[in-house]
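To keep things clear, I will list the structure first and then write my remarks on it.
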There are 2 protein chains.
Amino acid sequence: MPVRIIIADDHRIVREGLRHLLEKRTDFKVVAEAPDGESAVRLAKELSPDVVILDISMPGLNGIEATRRILAERPGVKVLALSMHSDRRFVIETLKAGASGYVLKDSAFDELARAIEVVMARGAFLSPAITEMVVRDYVTQAGVDDAAAFSVLTPREREVLQLMAEGESTKAIAGRLAVSVKTVETYRQQIMEKLDLHSVAELTKYAIREGLTEL
Amino acid sequence: MPVRIIIADDHRIVREGLRHLLEKRTDFKVVAEAPDGESAVRLAKELSPDVVILDISMPGLNGIEATRRILAERPGVKVLALSMHSDRRFVIETLKAGASGYVLKDSAFDELARAIEVVMARGAFLSPAITEMVVRDYVTQAGVDDAAAFSVLTPREREVLQLMAEGESTKAIAGRLAVSVKTVETYRQQIMEKLDLHSVAELTKYAIREGLTEL
DNA sequence: GCCGCACCCAGGGTTTTCCCCGATTTTGCG
DNA sequence: CGCAAAATCGGGGAAAACCCTGGGTGCGGC
């Protein structure tokens, strides 16, 4: 019985490439592709796959938040984060969200395949570069501050901040998150309050530094 | 005789995916992969391929500059830009650099394959979304302005943009430049118009890319 | 001398943000 | 359970941003 996999990445051509690589192996079966976080969560709920390969930096609902939601709905699913960032905060947040592995996009495909095997065997997999970083932090007790700084904001607040930094208006964000404009305004206020940043420009820079959005 | 192709993308797993998709076709042959712009230029010079598929956003030597260098060395090579941005300025600069095609990463692989066929037949290929944009600009005569606008924000406009990106309010900018608020507003409007960016978040990102402000 | 362009300013309107307040419900955790 | 934090929504008002239109100056080039 093949490993049932969902691929989530915002670039179709990347999804197709991954699918082909994965399906060269008869023990892997790609059951769905998702172009964004929302779809990934929905598909994971519907299909209960074995593994979800999640691109961390996606527009809208990002990979970290998507990881949380997927695991909230389907705790048995293994989430494999696929990222181009070896940024410490990304790694910490992703793993904290419950991902079973963190693979850099700069890895060979074989590494991803190995990661799938490992997480299916209830293990955890990190790309070597990530492992090194995590180990270094682990022994030096570092990373804690970074994590704390990052999580000043609640998941929802980060989500709103990300959309703001992507240029969406309050109204648009409200629509996307299916909440009222007033709710989004409250978040914006809390974000500004917490970060002590009072312009969209500064918030955008913060979001970029934190990896919530891309340049 | 197959089409000889070089793939340049900074993510190995993406390169591998593309290679596999391309090599499913017997008439395509991937002769090399490059993880960055420099390698792409060097490999293109050494191997004189038929087509170079270039990711536009690569670290170091980016796709646009790489395109220029490749064509300077090997004018016969066809450069196909592969990009995740449908950003007007990227498109204009890339095409101006001499690329034969511009394919969005969000396209199906078949579209990329078609693009290769088209450029090999001495044609030009754009993803539909890009085509639409280019056509719209073309008929409205806008593209011309925008192309110029890439570098032709006037000094004063750049100054205003920089201050905006640093988080200053319109009023603060007016005070700093010792002009009226209305004047600054006019600049802001012209900047947004020229760059086709309509949120402070996007303007900030632009300013960072242009080196007008620091992250 | 006229044209284009950068620069500067303004009126008057709509929309959005920003900030103050208060409120309820849901959820995680000891 | 009970408490704190998170998430949700709302009113109301001041400020700012946004949009369109117009006009005036000076300067360099054809």
Side-chain angles (χ1 to χ4, degrees), chain A residues 41 61 64-65 67-69 71-73 75 93 96-98 147-148 150-204 206-207, chain B residues 140-142 144-204 206-207:
Chain A
V41 174
L61 187 65
I64 294 172
E65 195 48 37
T67 300
R68 288 201 187 86
R69 306 238 182 129
L71 293 175
E73 301 266 14
E93 285 302 302
K96 216 151 64 176
F150 189 77
S151 42
V152 168
L153 299 181
T154 69
R156 203 59 162 169
E157 284 164 353
R158 276 199 299 275
E159 217 173 336
V160 169
L161 175 57
Q162 180 186 349
L163 292 168
M164 285 176 62
E166 282 169 4
E168 307 255 13
S169 71
T170 302
K171 190 190 286 183
I173 295 170
R176 209 152 207 293
L177 300 181
V179 297
S180 87
V181 171
K182 274 298 185 183
T183 303
V184 178
E185 280 192 21
T186 302
Y187 286 132
R188 201 200 21 235
Q189 256 178 268
Q190 281 165 352
I191 292 166
M192 286 177 158
E193 165 87 21
K194 284 183 178 178
L195 303 181
D196 193 30
L197 298 177
H198 300 275
S199 70
V200 181
E202 289 173 299
L203 286 177
T204 302
Y206 176 88
Chain B
T140 61
Q141 230 69 358
V144 193
D145 292 342
D146 281 338
F150 185 65
S151 49
V152 176
L153 280 187
T154 69
R156 204 58 161 169
E157 282 164 354
R158 292 178 89 84
E159 217 173 337
V160 170
L161 175 56
Q162 181 185 343
L163 292 168
M164 284 177 63
E166 281 166 5
E168 307 258 12
S169 73
T170 302
K171 190 191 287 185
I173 295 171
R176 216 175 224 269
L177 300 182
V179 296
S180 90
V181 171
K182 275 298 186 183
T183 303
V184 178
E185 280 192 19
T186 302
Y187 287 133
R188 186 169 19 97
Q189 261 177 265
Q190 279 164 355
I191 293 165
M192 286 176 157
E193 167 86 22
K194 285 184 178 177
L195 303 182
D196 192 30
L197 298 176
H198 301 275
S199 70
V200 181
E202 290 172 300
L203 285 176
T204 302
Y206 175 89

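By convention in this document, chain letters (A, B, ...) are assigned in the order of the sequence lines, proteins followed by strands, and residues within each chain are numbered from 1.
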Establish, with yes or no, whether the OP1 or OP2 oxygen of D/dT8 is under 4.0 angstrom from a side-chain nitrogen or oxygen of A/R156. yes
Got a sec: does the NZ of A/K194 have more than 12 other heavy atoms crowding it under 6.0 Å? yes
Polar pairs (N or O, both sides) under 3.5 Å between protein and nucleotides 13-17 of chain C?
{"from": "C/dT16", "atom 1": "OP2", "to": "A/K171", "atom 2": "NZ", "distance (Å)": "3.3"}
{"from": "C/dT17", "atom 1": "OP1", "to": "A/T170", "atom 2": "N", "distance (Å)": "3.2"}
{"from": "C/dT17", "atom 1": "OP1", "to": "A/T170", "atom 2": "OG1", "distance (Å)": "3.4"}
{"from": "C/dT17", "atom 1": "OP2", "to": "A/T170", "atom 2": "N", "distance (Å)": "3.4"}
{"from": "C/dT17", "atom 1": "OP2", "to": "A/T170", "atom 2": "OG1", "distance (Å)": "2.6"}

At less than 4.0 Å, is any side-chain N or O atom of A/T183 found next to OP1 or OP2 of D/dG10? Yes or no. no
Nearest whole angstrom, please: distance from the P of C/dC18 to the CD of A/Q190. 14 Å
OP1 or OP2 of D/dA7 versus the side-chain N and O atoms of A/T154: is any pair under 4.0 Å? yes
Can you measure A/E157 atom CD to D/dA6 atom P for me and round it to whole angstrom units? 7 Å
Can you tell me if the side-chain N/O atoms of B/Y187 get under 4.0 Å from OP1 or OP2 in C/dA6? no
Nearest-Å distance for atom pair NE2/P, residues A/H198 and D/dA14: 21 Å
Using atom CD1 of B/I173 as one end and atom C1' of C/dC8 as the other, report the distance to the nearest whole Å. 16 Å
Tell me the interatomic distance from A/E159, atom CD, to D/dA6, atom P, rounded to whole angstroms. 15 Å
Quickly work out the B/E202 CD to D/dC18 C1' distance and round it to whole Å. 15 Å
